[in-house]
Each structure stands twice: as structure tokens, then as C-alpha cells.
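First the proteins, then the strands, lettered A, B, ... as listed; each starts at 1. Everything numeric in this text was worked out from a predicted model, so none of it was measured.
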Amino acid sequence: MEIALPDKPSLDDLEAKWDRRWSAARLYEFDRSAPRERIFSIDTPPPTVSGSLHVGHVFSYTHTDIIARFQRMLGREVFYPMGWDDNGLPTERRVQNYYGVRCDPSLPYTDGFTPPAKPSAKPSEQVPVSRKNFVELCHGLTRLDERAFEALWRRVGVSVDWSMTYATIDDDSRAIAQRGFLRNLDRGEAYLAEAPTLWDTTFRTAVAQAELEDRETPGAFHELVFHHAGADIRIQTTRPELLPACVALVASPDDERYQPLFGTTARTPLFEVDVPILSHPLADPDKGSGIAMVCTFGDLTDVTWWRELQLPTPAIVSRDGRISRDTPDWITSDTGRKYFADIAGKTVFSAKQAIVDALRANGELIGAPRPIKHAVKYYEKGDRPLEIVTSRQWYITNGGRDEDLKRALLARGAELRWHPAHMLARFENWVEGLTGDWLISRQRFFGVPIPVWYPLDAQGEVDYTTPLVPNTARLPIDPAVDLPDGYSEAQRGVPGGFVADPDVMDTWATSSLTPQIAGRWTIDDDLFERVFPMNLRPQAHEIIRTWLFSTVLRAHLEHGELPWQRVAISGWILDPDRKKMSKSVGNVVTPMDLLEKYGSDGARYWAAKGRPGADTAFDEGMMKIGRRLAIKLLNASKFVLSIVRDGDAVPATAVVNPLDQALLQQLAGVVDEASGALADYDYTRALETTEEFFWRFCDNYLELVKDRAYDRDDVRGSASARATLLLALDVQARLLAPFLPFATEEVWSWWHDGSIHRTSWPVADELTGVGGTAQPLDVAEFVIGEIRKAKAKAGLSMRAELARVAVRGLDPSLGDGLLADVGRAGKVTAIEAIPSDKAELRVEITQ
RNA sequence: GGGCGCUUAGCUCAGCGGGAGAGCACUCGGCUUACACCCGAGCGGUCACUGGUUCGAUCCCAGUAGCGCCCACCA
């Protein structure tokens with residue numbers, strides 16, 4: 001055994017040094033020749049490459065890496081690729097602001113386009129570019145971002161195989177996403193439908209149920225007068241600007257106030273349109289005046305009424321969030337048409353003002369608008385309330401309209417192993433609440449195009465019923481550039497020819513296929529069979545409804561099985577005040593600064609202290625402790641190795657001293673507990689157990705035996721201590737390796753060839769063979785503790801010599817050797833056991 | 001409105017049927033030849049509240065309150 005020790009061990013620069021060597025040695029490269037049962041495959045969450053790195057990234061990816069390193073040391077071949085989620089709106093938005101451009105699909109491609117020198121974030125000053133130019137800029141910027149991300153992960157010590165990196169927008173990912181879609185289409189799981197759709201007027205795209213969030217928004221109840229042959233009817237609304245699109249009044253069938261009116265009509269204020277008064281159970285007699293106006297469309301309840309009462313669709317809100325410019329033909333009176341002309345082309349906000357003013361002037365507004373706060377639906381990435389417009393969109397069945405499918409998906413959720421288990425409730429909650437199929441088409445630019453075209457008939461009308469699909473061997477395709485089989489470019493957009501579907505897919509339509517993308521489904525069947533279904537999906541809890549659910553859905557539809565066996569859910573990072581971090585508060589620390597200050601091992605320690613699924617406060621103090629643990633490991637290792645330096649390899653059979661045996665017996669227990677915890681994804685418990693033992697090892701055991709280990713006259717005792725120290729260090733370094741990959745690798749290199757991360761995880765059998773019991777260590781720790789307490793109480797230095805220590809109640813079989821170790825460590829002139837009737841240990845100290 | 005989780009020392013959190021714990025912070029004492037990026041000792045808690053089960057409850061059950069998150073057709 002060769003031992004090479006540094007004079008002054010340090011954590012500085014370990015990250016760069018070992019990242020370099022691990023890369024050169026291809027330490028984490030996946031060996032694809034391994035059989036399926038020996039492979040541990042991880043469906044890594046591809047982070048959104050939107051330019052900002054967050055400590056939350058360090059937090060959750062460390063959790064996964066700990067599991068990956070543990071499994072690797074168990075002898076599993078770990079399939080651990082990294083992906084970049086670079087497709088979709090976040091990238092588009094970042095490119096717009098970063099370069100000061102906006103996409104105008106009607107423009108031709110500009111060769112060698114260079115973005116403006118001084119980019120403007122104002123939409124009006126942004127330079128319009130073609131879709132192809134725009135997509136090129138997206139690719140360019142995401143490559144920059146990806147380099148920054150990779151540098152961070154390497155610094156953190158995430159042990160991914162960088163040779164297998166994928167991007168959700170790359171050719172293979174687009175091909176797989178399009179193939180997946182076409183197969184859904186083939187099986188009837190994907191379909192095109194024209195329907196009321198939640199619509200973001202800022203981004204001008206449809207939005208899916210999974211991307212919605214409610215926000216408390218200020219609004220106001222306006223009480224309006226509808227005219228009726230009998231008496232006027234008062235209705236309350238928060239959307240008076242939709243009055244011109246009012247198609248009915250609805251009250252509860254049980255509401256005696258309105259029962260006589262059902263079947264009659266009322267006349268709308270201002271616009272003088274006659275609308276029917278109908279009954280529907282969703283109308284709530286306790287809300288407002290108990291009767292509501294139905295507009296197309298103010299909210300999702302309007303959609304329900306419209307569908308179930310079979311009302312007409314006179315929409316007035318355009319896709320840009322403005323009232324339509326043309327006066328609708330159902331408004332026939334002159335005064336009605338005049339009022340509409342006043343709001344035509346206005347935003348809904350100014351239209352509301354105008355309508356309220358007109359109602360007031362006309363005496364059709366009762367009292368003042370009453371301000372309220374109410375929940376309004378927003379696109380989670382948007383800033384303005386969603387409108388509802390009717391549009392043609394692609395959907396994938398998800399159980400929202402099919403009870404059998406819903407039940408099947410709930411069964412899949414229950415089949416999956418969840419860590420922590422209670423997160424299953426989130427999944428079930430979501431699936432049970434689904435109300436419609438998954439809307440996957442987006443009217444955006446940087447994404448995977450929907451790979452279909454539509455034939456045009458002789459009059460140039462689009463035939464949406466028989467989409468033209470490409471041969472899957474051609475994927476990926478862009479229908480705006482590529483041609484359907486049997487057509488020529490000259491036929492694009494002309495009668496008898498074809499048109500491309502202009503939309504791209506929802507980013508989740510690609511992200512829901514990450515197990516297939518990472519495993520190279522349909523591209524590399526041999527690989528796919530070895531890694532799919534994946535062993536583990538790690539992810540955060542707020543995307544259970546989107547990412548986790550859609551991935552389960554796609555695998556269920558495509559493969560008839562789960563995409564992974566287990567899912568491990570990470571919590572959120574909160575700032576020390578238990579709030580989410582924000583840049584405006586100025587409490588955000590960039591991950592790189594933290595990694596430099598505390599070392600990657602220190603930051604990883606903090607991450608590992610966050611239990612699976614638990615929200616965790618960002619805590620620099622915890623990183624400091626982690627750094628201390630890593631430094632302690634360096635120093636203790638150096639010390640141990642300096643003692644055994646000239647002793648060569650000492651066989652474990654040399655461990656004959658009861659105290660030494662006890663240490664190894666207790667360490668065996670730690671190995672069992674840590675292994676069990678890690679196998680169950682409880683990395684926090686594994687670390688706690690290991691860490692607690694390690695501090696006892698340093699503070700107590702090392703102090704107790706170091707003099708004996710040095711003592712060349714006590715040949716047997718010295719050899720026993722040295723063998724124990726070396727074995728215990730060896731095992732503890734391996735137990736800590738998943739948590740502190742840099743410090744443990746550094747230490748390991750002092751007396752081993754090869755990486756600690758490819759050596760074997762410790763097993764209790766390595767330690768229990770020496771015999772003995774666990775008790776002597778506890779006894780010795782108790783006695784040395786009493787000695788320390790006595791010295792502290794008496795105001796003595798720990799170095800102060802004590803005249804005599806007597807221990808009563810000591811088990812005679814423990815022998816004198818134990819007390820000799822304690823006596824030396826405690827600087828006691830004379831220490832002896834005194835026979836006692838009682839089993840209870842008592843220590844008597846004479847100064 | 002429905003669901004899930006949390007509430008233990010100043011802070012961050014373990015423990016989850018029979019002795020209330022750790023780290024940090026704080027106080028005191030130590031340059032003890034691995035480590036002063038250190039070591040030792042100490043102070044500190046009606047385990048949210050109310051009932052119930054039990055010989056016994058921080059731990060089980062029911063309810064209450066507060067906090068957080070997820071979901072919901074919120075005129």
C-alpha cells in the first residue's frame with residue numbers, strides 16, 4: 001500500500017481537479033452492454049434553459065445524484081443522461097428580449113441576419129424576423145445557456161453521462177415527438193376539433209388546462225337592467241363589456257322567482273337584443289340576483305351553458321384581446337349598432353369603461369359598481385386574464401372525457417412507487433378533476449411542428465377531416481418547408497393543393513416523452529429495451545399535473561405500461577423567511593457563489609439535509625456545516641493514514657482489542673441503516689446516521705486509541721488499533737461518497753488506485769467478522785465523557801492530569817485494556833475498576 | 001369549496017406508545033503534536049390547542065386553530 005499525504009489538506013479547487021480526471025477517465029459513462037437487470041436508469045428532468053440558474057437546481061439535482069452514486073457503488077450500471085428543455089415559450093420570450101427581435105412568420109428568411117446592437121425589450125421597437133431566423137436565434141442562445149448549465153452541474157458533481165446529452169428541440173427529439181403524435185393520431189388518440197378554447201391574448205396562443213392558474217384579481221359587480229314584458233330583470237356581472245355577446249339568461253330550475261319567466265325572452269340593455277330565459281342546474285340562486293347572463297364567453301361556466309343549452313356562438317372578443325371591429329349582425333337596432341360602434345376595436349378594458357358609462361347614462365346601471373376580488377384564470381406564464389375564443393385545435397385523449405381511460409390512468413398512478421408516498425394524492429386529485437382532453441397545439445414558433453398538412457378542395461377551402469401525414473421515415477419534418485407525398489411546392493396554398501398545419505406542439509407534448517427520447521425509442525431499439533421503463537423519475541411536486549401526468553399518459557397509450565418504476569419528488573426552496581426567493585428582495589445568491597464559498601460538498605450537504613418531498617429553507621449555515629464535515633474528513637483521514645503509514649496493509653484479523661471490535665460492530669449497524677435508507681430513497685437519514693457516527697469516530701474513538709496506535713511496545717494493541725482505524729476510515733469514506741463526492745475522492749486517492757465512485761458500497765460483513773460486541777465503545781465514551789465533564793466543572797484544562805479515576809459497576813469481562821485507553825486519553829495517572837454489586841456505571845474522580 | 005402536508009429548545013429539524021433529542025446560535029473553558037475552517041462543557045422545551053383510547057401519549061383516534069401547497073364550472 002502506497003500512501004501519499006498532503007501537508008495541509010484543503011477543499012480548494014477539488015471540484016475542478018476531480019471533474020477533469022473523471023471526464024478523462026470517462027468514469028460515469030454508461031456501459032450499454034450491461035444486462036437490463038443490472039441497469040439503473042434515470043429519467044432526468046431536462047431543466048428549462050431560460051438563462052437563470054437557481055439554488056433550487058443544485059438542491060434537487062443533488063438528490064438524484066446521491067441516488068445515482070449509491071446505485072453505481074452497489075454495482076448497477078447507471079443510465080443517467082442529461083437533457084435540456086429548450087423548446088417553447090420561455091425560450092421565445094428570452095430570445096425576444098435578449099436580441100430585441102420578434103417573429104413574423106410572413107417574412108422571408110434573411111441570410112446572415114445579425115440582431116440589433118442595442119436590443120429593445122419594447123415590442124414596438126423589436127425587429128421583425130422570419131420564423132427561420134427566429135428559430136436560429138433560439139438555437140444559438142440556448143447553446144450558450146446549456147454551456148452555463150453544464151458547467152454548474154459539473155461543478156456540483158452531478159455524475160451524468162455527458163456523452164448522452166439531448167435537447168428537446170434537437171432532430172431526434174423532434175422526430176420522436178412527431179412519431180409519438182402520429183401514432184396517437186393513427187390510434188385515434190389525437191384529434192382535431194373546433195371548440196371554445198382558453199386563449200392568451202398576449203402570446204396569442206391556446207392554453208391547456210394544465211397550464212392554468214387562478215389569481216385573485218380585482219373586479220367589480222355591475223348590476224344591469226334587462227327589460228322584460230313583465231318587470232325588469234336585474235342581473236349582476238363582472239364582465240359588462242360582454243353584454244353584446246349575451247345569448248341567454250339562466251336561473252336555477254328550482255328558483256321560484258324565475259320559474260314563470262322560463263321560455264320567455266328578455267331584451268338586453270343598450271343593444272336591444274332579445275335573449276331567451278332558460279333554466280340550468282348550474283345556476284346558483286344565492287349568487288347575485290340568482291339569474292346570470294350567459295355570454296360567449298366570459299368564463300368556463302358560460303361554455304358549459306352554451307354547450308348544454310345549445311346556444312349560438314356570437315363571439316366578440318378577437319384573438320388580440322380587443323372587441324371585434326365589425327358590428328355583429330345580431331345587433332339590429334340603430335341604437336344598438338351605435339353603442340357597438342363606440343366599443344369596436346377597443347381593448348376589453350376600455351370597452352368595459354365605455355359600456356359602463358353608456359349604461360349609466362341610459363339609466364340601465366343600478367347603483368355604483370361594487371369592487372370585489374375574485375379568482376380569474378391566467379396562463380401560468382402570462383400577465384393578462386385569459387379570454388375564451390373558438391378555434392380549431394389538436395387534442396390528445398387524457399381521460400378527461402373518457403371514464404375508462406381515467407380509471408386506467410388512476411390505476412397507473414397507484415402502480416407507481418412514490419417517494420414520499422403521499423404525493424400520489426396530488427396525481428389522483430388532478431386526474432379526477434380533468435374536464436377535457438389535452439389541448440396540444442400552440443400558435444407559436446419555436447417548438448416541434450405538428451407534422452401534418454391539409455388538402456385544399458377545388459374552391460381553395462381547407463379539408464380538415466383528412467389530414468395528410470408524412471411517412472415516419474422522413475421525420476422530423478417541418479410542414480411549412482417539407483411537402484406531403486405526391487405534392488409539389490407549387491401546390492402549396494392553391495386550390496386542389498395543400499396547406500401546412502401552422503402550429504407547434506405544446507412543450508409538454510415533447511417533454512412527456514423524455515423516457516423515450518433519452519432511451520432513443522425507435523432509433524436505437526437495443527438501448528431502449530435495456531433502459532425502459534426507467535427505474536427512477538425525480539422531479540418537483542408542482543409539475544405532477546403536467547410533466548408526470550402527461551408522461552404516464554403517453555407511456556400508457558404507447559406502451560401499455562408505466563414509464564418508470566418509481567418517482568422521487570423534491571420539495572421547494574424557500575428563503576430563510578419561508579418565502580419564495582425573489583430578485584426584487586435581493587435575497588437571491590447565485591449558485592456559483594455558494595459553491596465557491598462552501599465548496600460543492602458543502603452545498604450538497606445542505607441539499608441532502610432536505611428530506612424527500614419536504615420544502616426546505618435555504619440555509620447557508622447548513623452549507624457551512626457541510627463544509628466543516630468535508631474538512632474534518634480530510635483531516636481525520638490524513639491523521640489515520642499518517643499513523644498506518646509504515647504499517648503496510650493490516651489485515652482485519654489483527655483487530656483483537658474489544659474497543660476496536662466494538663467500533664467496527666457499531667459501524668456495521670451504521671452500514672446497514674444507511675444502505676436501507678438509501679435503497680428506500682431516504683438519503684437524509686443515511687447521511688444523518690453516517691455523519692453522527694463519523695463525529696463519534698473523530699471525537700471519541702480517535703482520541704481513545706491514538707496513543708495505543710502509536711505505541712510500538714504494545715505490538716498487538718497497536719496493530720489492532722491501526723487495522724481498525726484503516727478499515728473504519730475506508731468504510732466511512734465510502735458511506736460518505738454519494739454525499740461528498742469531491743472530499744471522499746480526494747481522500748480515497750491518498751491510499752487507493754481507482755475512483756471511490758466505482759468501488760463497492762460497504763456491507764456489514766466486512767466489519768462483523770472481527771467478533772466482539774458493541775458495548776465497550778459505549779462504556780469508554782461514557783467514562784471519558786464523565787472525565788471531561790469533571791474537568792470542565794472544575795475549570796481545568798482538558799490536558800490537566802487527574803490523580804485517580806475509579807469506575808464502579810464495570811463489566812469485568814471488558815478488561816483493563818479499555819480503561820488503559822480511557823486513562824491515556826483523559827490524562828489520568830491511575831484508573832481502575834472497582835467491583836460493585838450494581839450494574840449501573842459510576843465514575844469517581846480524584847483531582 | 002375539496003385534498004395533502006406541517007405545527008417539538010431563539011433558528012433549522014430528528015424522534016412517533018413507556019427516560020424530550022441533534023446541529024446552529026448563545027454562555028463558559030481550552031493554541032491538547034489530524035484539524036483554531038478546531039476541541040471540551042453548559043444554558044435552553046406545559047412536544048399548537050381541546051377531548052378520547054390506554055396502566056401510560058410528543059407519538060394512536062376525533063375535533064379546533066394557524067401556516068404552506070395542490071385542485072375546483074369563482075355570474
Colleague: Does the structure show a Watson-Crick or G-U wobble partner for B:U32, both distances under 3.5 Å? Name it, or say none.
Modeller: none

Colleague: Counting only side-chain N and O atoms of A:Tyr605, is one of them less than 4.0 Å from OP1 or OP2 of B:C24?
Modeller: no

Colleague: Would you tell me if any nitrogen or oxygen in the side chain of A:Lys8 comes within less than 4.0 Å of OP1 or OP2 on B:A36?
Modeller: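 The answer is yes; a side-chain N or O of A:Lys8 sits under 4.0 Å from OP1 or OP2.
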
Colleague: Establish, for the pair A:Arg426 and A:Trp418, whether the NZ or CZ atom is under 6.0 angstrom from the six-membered ring centre and no further than 45 degrees off its axis.
Modeller: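 Verdict for A:Trp418: no cation-pi partner in A:Arg426.
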
Colleague: Taking any heavy-atom pair under 4.0 Å as a contact, classify A:Ala283: base, sugar-phosphate, or nothing.
Modeller: base

Colleague: Who does B:G66 pair with, Watson-Crick or G-U, both distances under 3.5 Å?
Modeller: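 For B:G66, the partner nucleotide comes out as B:C6, under the 3.5 Å rule.
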
Colleague: For a quick test of reading the model: is some side-chain N or O of A:Lys632 closer than 4.0 Å to OP1 or OP2 of B:C39?
Modeller: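 True: A:Lys632 side-chain N/O within range (under 4.0 Å) of B:C39 OP1/OP2.
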
Colleague: Can you tell me how far P of B:C73 sits from CG of A:Leu386, to the nearest Å?
Modeller: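 Between P of B:C73 and CG of A:Leu386: 13 Å.
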
Colleague: To the nearest angstrom, how far is A:Met423 atom CE from B:G3 atom C1'?
Modeller: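 A:Met423 atom CE is separated from B:G3 atom C1' by 13 Å.
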
Colleague: Check for me whether A:Arg370 meets the cation-pi criterion with A:Phe221, that is, NZ or CZ under 6.0 Å from the six-membered ring centre and within 45 degrees of the ring axis.
Modeller: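 Relative to the ring axis of A:Phe221, which defines the angle, A:Arg370 lies outside at least one limit.
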
Colleague: When you measure from the side-chain N and O atoms of A:Lys377 to the phosphate of B:A72, is any distance below 4.0 Å, counting only OP1 and OP2?
Modeller: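 Answer is no, no contact under 4.0 Å.
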
Colleague: Check whether A:Lys638 reaches the backbone of A:Asp7 with its side chain - one donor and one acceptor, N or O, closer than 3.5 Å.
Modeller: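 Yes; at least one donor-acceptor contact below 3.5 Å.
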
Colleague: So, does A:Arg426 get its side chain near the phosphate of B:C69, meaning an N or O under 4.0 Å from OP1 or OP2?
Modeller: no

Colleague: Nearest-Å distance, CD1 (A:Ile569) to C1' (B:G5)?
Modeller: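 Whole-Å distance recorded here is 14 Å.
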
Colleague: Any side-chain N or O of A:Arg215 below 4.0 angstrom from OP1/OP2 of B:C74?
Modeller: no

Colleague: Counting only Watson-Crick pairs (N1-N3 plus N6-O4 or O6-N4) and G-U wobbles (N1-O2, O6-N3), all under 3.5 Å, who is the partner of B:G51?
Modeller: B:C61

Colleague: Distance-only, no hydrogens or angles: does the A:Glu15 side chain make a donor-acceptor pair with backbone N or O of A:Ser600 under 3.5 Å?
Modeller: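 Yes.
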
Colleague: Tell me whether the OP1 or OP2 atom of B:A34 has a side-chain N or O from A:Lys706 closer than 4.0 Å.
Modeller: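 A:Lys706 to B:A34 OP1/OP2: side-chain N or O found under 4.0 Å.
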
